[in-house]
Amino acid sequence: MATPRRPAAVRPPAVEPVLLPDLTVVDPAGLHPHAELEGVRIALDAALDPDDALDASHAEIFSSELSGLRAARVAARGARLRETRLTEPDVTVLDAPASDWRDAEVLGGRFGSADLHDGELRRVRFVGVRLRYLNLRAARLADVELRDCIVDELDLVEASAERVALPGSRVGRLDLQHARLVDVDLRGCDIEEVVGPRWLAGAVVDSAQLMSLAPALATAVGLRVVG
C-alpha cells in the first residue's frame with residue numbers, strides 16, 4: 001500500500017517591519033501629484049482639514065513615513081511606495097488603483113474604503129487597521145499580511161494571491177470569485193461569509209473553519225445533504 005503523501009507545509013508571507021533611516025521632516029505640501037520623495041517624514045495630523053481631499057496621484061515615495069494622514073479622500077492612482085510606512089491614517093476614501101506597494105506597512109488607523117484594484121502589493125503588512133471595504137480586484141499580491149485587522153468586506157475577485165495570511169483578523173465578507181490562490185493562510189481569521197467558495201483552492205483553513213464552510217462548499221459543487 002502506498003504511503004499517503006503529507007500535504008506540503010504552507011509557506012508564510014515573507015514580511016518584516018519597515019526599518020527607516022534618519023528621516024528629514026518636510027512640509028506636507030511636498031506630497032502632491034507626481035511628487036518624488038525619499039528619506040522624509042511628513043506629519044499630516046494637523047495639515048489637513050478632515051473634510052479636505054489630497055491628491056498624490058503617481059507620486060513616488062521611497063524610504064519614508066507618512067504619519068497621521070487624515071482626509072475625506074486621498075487620490076493616489078499609480079502611486080509607488082517603497083520601504084514606506086503609513087502610521088495611524090484616518091481616511092474615508094483611498095482611491096489608489098494600479099498603485100505599487102513594496103516593502104511597505106500600514107500601522108493602525110482606519111479607511112472607509114481602500115481601492116487598490118489592479119495594483120501590486122509585495123512584502124506588505126497591515127497591522128491593527130480597520131477597513132470597511134478593501135478592494136483588491138485583479139490585484140497581484142505576494143507576501144502580504146493582515147494582522148489583527150477588521151475588514152467588513154475584502155474583495156479579491158480575479159486577484160492573484162501568493163503567501164498571504166490574516167492572523168487575528170476578522171472579515172465580514174470575503175469575495176474570492178475567479179481568484180488564484182497559492183499558500184493563502186486563512187487560519188486564525190474569523191470569516192463570516194465567503195462568496196465564491198469554489199475558488200478556495202490554494203487556501204489553508206483549520207478544521208473549525210472547514211465545518212463552517214461546509215454548507216457553502218456543498219452548494220458550490222451541487223452536493224445535496226439528506227438526513
Side-chain angles (χ1 to χ4, degrees), residues 10-20 37 56-66 69 74-89 91 93-169 171 173-186 188-189 191 199 202-204:
V10 60
R11 295 176 298 165
V15 289
E16 300 286 345
V18 173
L19 300 178
L20 296 173
L37 302 172
S57 300
H58 304 286
E60 298 189 351
I61 307 171
F62 298 166
S63 301
S64 297
E65 180 177 22
L66 305 180
L69 174 58
V74 175
R77 175 181 289 273
R80 297 172 65 206
L81 285 75
R82 300 284 189 274
E83 297 179 343
T84 290
R85 176 189 304 142
L86 277 68
T87 305
E88 295 292 337
V91 177
V93 176
L94 172 62
D95 186 16
S99 54
D100 187 348
W101 302 54
R102 303 197 184 202
D103 300 296
E105 64 184 3
V106 182
L107 304 181
R110 61 173 292 278
F111 294 92
S113 68
D115 183 359
L116 306 178
H117 82 264
D118 201 31
E120 187 159 353
L121 287 75
R122 293 185 177 273
R123 298 178 300 279
V124 176
R125 67 184 197 131
F126 297 79
V127 182
V129 184
R130 175 75 165 89
L131 302 109
R132 291 182 62 86
Y133 176 51
L134 177 54
N135 181 5
L136 292 168
R137 286 193 170 215
R140 298 163 297 285
L141 288 70
D143 298 306
V144 174
E145 181 182 73
L146 281 80
R147 178 176 292 274
D148 300 327
C149 295
I150 299 174
V151 186
D152 290 346
E153 183 172 356
L154 176 54
D155 190 338
L156 288 170
V157 171
E158 297 184 346
S160 173
E162 183 171 359
R163 297 183 304 278
V164 175
L166 298 90
S169 292
V171 175
R173 185 177 189 267
L174 174 61
D175 195 339
L176 292 171
Q177 295 178 86
H178 304 283
R180 298 169 295 283
L181 311 181
V182 178
D183 289 323
V184 172
D185 194 347
L186 300 177
C189 179
I191 303 172
W199 302 98
V204 177

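All figures in this text were calculated on a predicted structure; none of them were measured in a lab. The analysis underlying the following values was restricted to heavy atoms, covering all of them including side chains, and did not include hydrogens, waters or symmetry mates. Here, residue 1 is the first one in the sequence, and each next residue gets the next number.
Evaluation of the side chain to side chain contact (heavy atoms under 4.5 Å, CB included) rule for P97 yields R77, D95, H117 as partners, not counting sequence neighbours. For R180, there are no side chain to side chain donor-acceptor pair (under 3.5 Å) partners two or more places apart in sequence or in a different chain. Under the rule for a side chain to side chain donor-acceptor pair (under 3.5 Å), T84 has no partner lying at least two apart in sequence or in another chain. For D143, the side chain to side chain donor-acceptor pair (under 3.5 Å) partners two or more places apart in sequence, or in a different chain, are R163. Remark: E145 pairs with R147 by the side chain to side chain donor-acceptor pair (under 3.5 Å) rule, at least two apart or across chains. Residues satisfying the side chain to side chain contact (heavy atoms under 4.5 Å, CB included) test with V157, not counting sequence neighbours, are R137, D155, D175, Q177.
Within a 6.0 Å radius of CZ in R173, more than 12 heavy atoms belonging to other residues, nucleotides or ligands are found.
At a threshold of 4.5 Å between non-hydrogen side-chain atoms, the residues R130 and D152 count as touching. For the pair V151 and S169, the minimum side-chain heavy-atom distance is 4.5 Å or more. L86 has its side chain within reach of L81: a pair of non-hydrogen atoms, C-beta onward, lies under 4.5 Å apart. Residues V129 and C149 meet the side-chain proximity criterion, which asks for heavy atoms closer than 4.5 Å. With a 4.5 Å cut-off on side-chain heavy atoms, W199 and H178 count as touching. Under the 4.5 Å side-chain criterion, counting only non-hydrogen atoms from C-beta, L186 is in contact with L166.
If you take CZ on R11 and CD on E162, they are separated by 5.0 Å, rounding to the nearest 0.5 Å. Between L107 atom CG and R85 atom CZ the span is 6.0 Å, to the nearest 0.5 Å. The distance from the CG atom of L116 to the CG atom of N135 is 7.5 Å, given to the nearest 0.5 Å. Note that CZ of R125 and CD of E16 are 8.5 Å apart. Values are rounded to the nearest 0.5 Å. Atoms OH and CG, from Y133 and L154 in turn, are 9.5 Å apart once rounded to the nearest 0.5 Å. Here the straight-line distance linking atom CG of L66 with atom CD1 of I61 works out to 5.0 Å at 0.5 Å rounding.
The pair R140-D118 meets the salt-bridge criterion, with a side-chain N (NZ, NE, NH1 or NH2) lying under 4.0 Å from an Asp/Glu carboxylate O.
In this structure, the side chain of E88 engages the main chain of G109 through a donor-acceptor pair within 3.5 Å.
Here the closest non-hydrogen pair linking E65 and L20 is CB-CD1, 3.9 Å. Minimum interatomic distance between A79 and A56 (heavy atoms only, all atoms of both residues): CB-O, 4.0 Å. When all heavy atoms of V106 and F111 are compared, the closest pair comes out as CG1-CE1, 4.1 Å.
With respect to E60, the salt bridge (charged side-chain N to carboxylate O under 4.0 Å, His left out) criterion is satisfied by exactly one of R82, R102, R80: R80.
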- Query: L134 and L146: side-chain contact (heavy atoms from CB on, under 4.5 Å), yes or no, with the steps?
  - Reply: CA-CA 11 Å; L134 177 54; L146 281 80; 4.0 Å; yes

